[in-house]
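Here is the structure we will look at.
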Amino acid sequence: MNKILVTGGCGYIGAHTIVDLIENGFEPVSIDNNSRSSTSLLAGIKEITGVAVKNYKVDLANFDDTYAVFQENTDIKGIIHFAAYKAVGESVEQPLMYYENNLFSLINVLKCAKEFEVPHFIFSSSCTVYGSPDTIPVTEDSPIQPAESPYGATKQMGEQIVRDATQSSDFKSVLLRYFNPVGAHPSALIGELPLGKPQNLVPAITQTAVGKIKELTVFGDDYDTRDGSCVRDYVHVCDIAHAHTLALQLLMENKNAAACEVYNLGTGNGVSVLEAIHAFEKVSDVKLNYKIGPRRPGDIVAIYANNSLAKEKLKWDPKYSLDEMMATAWKWQLKLQDDEALHNNVNFQMN
Ligand code: WQD
């Protein structure tokens with residue numbers, strides 16, 4: 001089987017991609033220092049696929065430790081690079097930590113890819129590179145606006161670094177620009193594990209619905225959109241995961257037109273915050289406790305994808321609906337609640 005190195009494999013999108021890779025005959029290996037993730041998702045991956053995926057607990061910002069992993073796995077046929085910090089607000093407070101972690105990690109992995117002649121490289125990018133677009137939907141040729149945060153800047157710089165590294169080497173690469181990944185694997189055995197209070201909308205919704213958060217704040221309903229709240233392109237994490245497998249297959253079958261290609265991963269449907277909340281209420285039958293609050297600095301009004309290139313070239317066809325995104329996110333949140341209750345109960349019995 002083709003061994004694929006998945007950096008950040010214990011993370012939300014990494015874990016879902018590992019499941020999809022296994023289901024498509026690949027042999028993934030994870031490298032993740034678990035600074036922002038836990039190995040608990042590896043247990044979920046094993047339950048879903050029957051495969052115990054190995055994780056190297058290594059800081060990719062450390063070149064020697066990263067190099068050692070490649071020395072132990074000289075048969076790597078492809079790399080999918082997820083490992084990065086991704087909290088927009090935190091990146092504004094600690095820009096140097098973001099540049100150091102996100103860029104040093106990427107550069108070390110690319111240096112090893114070159115040295116060990118790994119032929120295929122897939123980079124986890126984001127719609128955030130478009131900034132606040134002048135026209136929507138955005139295509140891959142839409143202008144790259146000045147980054148709205150250091151996090152966004154690391155994605156823009158990361159894309160440039162991958163392009164330049166591709167040009168000066170023999171490997172081929174694909175940049176995947178995710179819109180808003182949400183939801184969880186239908187089994188509810190893997191999902192999103194936000195650290196602390198969730199910044200992102202969907203985990204904030206589900207944690208409010210279970211009472212972990214008292215009341216959700218909608219950051220503004222006075223925008224120039226159909227209902228005043230911001231519009232985003234929510235896309236199921238399993239659809240995002242499968243796009244990585246398709247991108248890898250495109251490169252392995254030499255079907256890429258250029259050495260480095262870029263694709264939007266969005267459904268093409270713009271959904272407002274209030275519409276997302278109402279979709280959640282419909283599928284969960286929970287009346288969500290929310291209020292309208294002030295705008296969040298840095299938020300853009302609206303963005304959603306023109307995904308025709310990914311559909312045509314990757315043969316990608318996102319299949320999950322907004323309702324299924326909300327239903328799987330809810331099922332995962334309830335599973336987390338059950339696990340927490342069981343854990344507390346076991347602790348109680350033992351004390
Ligand atoms: C979506 C909408 C908020 C929380 C960011 C990054 C992107 C990617 C996903 C990493 C906005 C509103 C949110 C809440 C709210 N990051 N909201 N109340 O900001 O579009 O994208 O996260 O992969 O690169 O830029 O996602 O989920 O934070 O916000 O009203 O409690 O929900 O204002 O309009 P965002 P988000």
Side-chain angles (χ1 to χ4, degrees), residues 8 11-14 16-17 36-37 81-92 98 102 123-133 136 138 144-145 147-156 158-159 175-183 192 194-209 212-237 240-241 264-266 270-280 288-305 322 325-326 329:
Y12 173 43
I13 304 174
H16 284 83
T17 300
R36 300 289 170 97
S37 63
H81 184 63
F82 291 106
Y85 295 158
K86 59 149 220 158
V88 173
E90 183 188 46
S91 78
V92 173
Y98 267 66
N102 291 7
F123 178 66
S124 165
S125 190
S126 165
C127 64
T128 202
V129 302
Y130 295 114
S132 187
I136 43 177
V138 290
I144 301 299
Q145 308 270 16
E148 307 268 327
S149 68
Y151 158 76
T154 65
K155 288 302 180 184
Q156 290 179 348
E159 287 196 357
L175 314 174
L176 296 177
R177 291 176 181 162
Y178 315 152
F179 280 69
N180 286 58
V182 296
E192 192 167 9
L195 293 177
K197 190 169 185 301
Q199 300 303 306
N200 294 136
L201 178 64
V202 173
I205 287 176
T206 58
Q207 287 197 14
T208 302
K212 277 174 82 79
I213 295 173
K214 192 166 147 308
E215 184 181 49
L216 177 83
T217 302
V218 172
F219 297 138
D221 71 345
D222 56 352
Y223 287 98
D224 182 16
T225 63
R226 51 182 177 268
D227 63 14
S229 64
C230 293
V231 172
R232 294 289 183 275
D233 185 333
Y234 298 99
V235 46
H236 197 281
V237 64
I240 292 276
N264 281 341
L265 297 186
V271 170
S272 76
V273 175
L274 291 169
E275 288 165 347
I277 288 172
H278 298 147
F280 173 80
L288 198 72
N289 184 25
Y290 69 90
K291 68 178 180 187
I292 306 296
R295 294 181 173 191
R296 178 172 71 174
D299 271 341
I300 59 172
V301 185
I303 187 168
Y304 51 92
L322 179 65
M325 294 178 209
M326 294 301 171

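Atoms within each ligand, like the ligands themselves, are counted from 1 in listed order.
Between the Gln156 side chain and the Val129 main chain, a donor and an acceptor come within less than 3.5 Å of each other. Checked by atom type and distance alone, the side chain of Asn102 pairs as donor or acceptor with a backbone atom of Tyr85 at under 3.5 Å.
Every atom of ligand 1 is numbered from 1 in the order shown, and the set under 4.0 Å from a heavy atom of Val218 is 30 (O). Shown in contact with Leu216 at under 4.0 Å from a heavy atom are these atoms of ligand 1, numbered in order with element: 31 (O). Proximity to Ser126 (heavy-atom distance under 4.0 Å) selects the following atoms of ligand 1: 7 (C), 24 (O).
Annotation for Gln145: atom CD counts as buried by contact number, over 12 foreign heavy atoms lying within 6.0 Å. Surrounding CG of Asp222 are more than 12 heavy atoms belonging to other residues, nucleotides or ligands, all under 6.0 Å away.
Looking at Gln199 against ligand 1, only its backbone comes within 4.0 Å, counting heavy atoms. Counting heavy atoms under 4.0 Å from ligand 1, residue Asp299 touches it through the side chain alone. Contacts between Val202 and ligand 1, counted as non-hydrogen atom pairs separated by less than 4.0 Å, are absent for every part of the residue. At a 4.0 Å heavy-atom cut-off, ligand 1 does not touch Tyr178 at all.
With respect to atom 34 (O) of ligand 1, the closest heavy atom belonging to the protein is Cys230 CB, 3.0 Å. Protein heavy atom in closest approach to atom 18 (N) of ligand 1: Thr217 O, 2.8 Å. For atom 26 (O) of ligand 1, the nearest non-hydrogen atom of the protein is Asn180 ND2, 3.1 Å. Remark: minimum distance from atom 30 (O) of ligand 1 to any protein heavy atom is reached at Phe219 N, 2.9 Å. Of the protein's non-hydrogen atoms, the one nearest atom 36 (P) of ligand 1 is Asn200 ND2, 3.5 Å. Of the protein's heavy atoms, Val88 CG2, 3.8 Å lies nearest to atom 6 (C) of ligand 1. Considering only non-hydrogen protein atoms, atom 10 (C) of ligand 1 sits nearest to Tyr151 OH, 3.2 Å. What sits closest to atom 27 (O) of ligand 1 on the protein, heavy atoms only, is Leu201 N, 2.8 Å.
The two residues Ala204 and Leu216 come nearest to each other via the heavy atoms CB-CD1, 3.5 Å.
Each of Thr206, Asn289, Thr208 was checked for a side-chain contact (heavy atoms from CB on, under 4.5 Å) with Ile213, and the lone residue meeting it is Thr208.
A donor-acceptor contact under 3.5 angstrom links the side chains of Tyr98 and Glu90, judged on distance only. In the model, Tyr130 has a side-chain atom that pairs as donor or acceptor with a side-chain atom of Asn264 under 3.5 Å.
Rounding to the nearest 0.5 angstrom, the gap separating the SG atom in Cys127 from the CZ atom in Arg177 is 10.0 Å.
A tilted orientation is assigned to the rings of Phe82 and Tyr178, their planes being inclined by 30° to 60°.
At least one heavy atom of Tyr234 sits less than 4.0 Å from an atom of ligand 1.
The option from Thr128, Val271, Val231, Val273 that lies nearest to atom 12 (C) of ligand 1, judged by heavy atoms, is Val273. If you check each of Arg296, Lys86, Glu148 against atom 29 (O) of ligand 1, the one with the closest non-hydrogen atom is Arg296.
Counting heavy atoms from C-beta outward, Leu274 and Tyr290 have side chains that approach closer than 4.5 Å.
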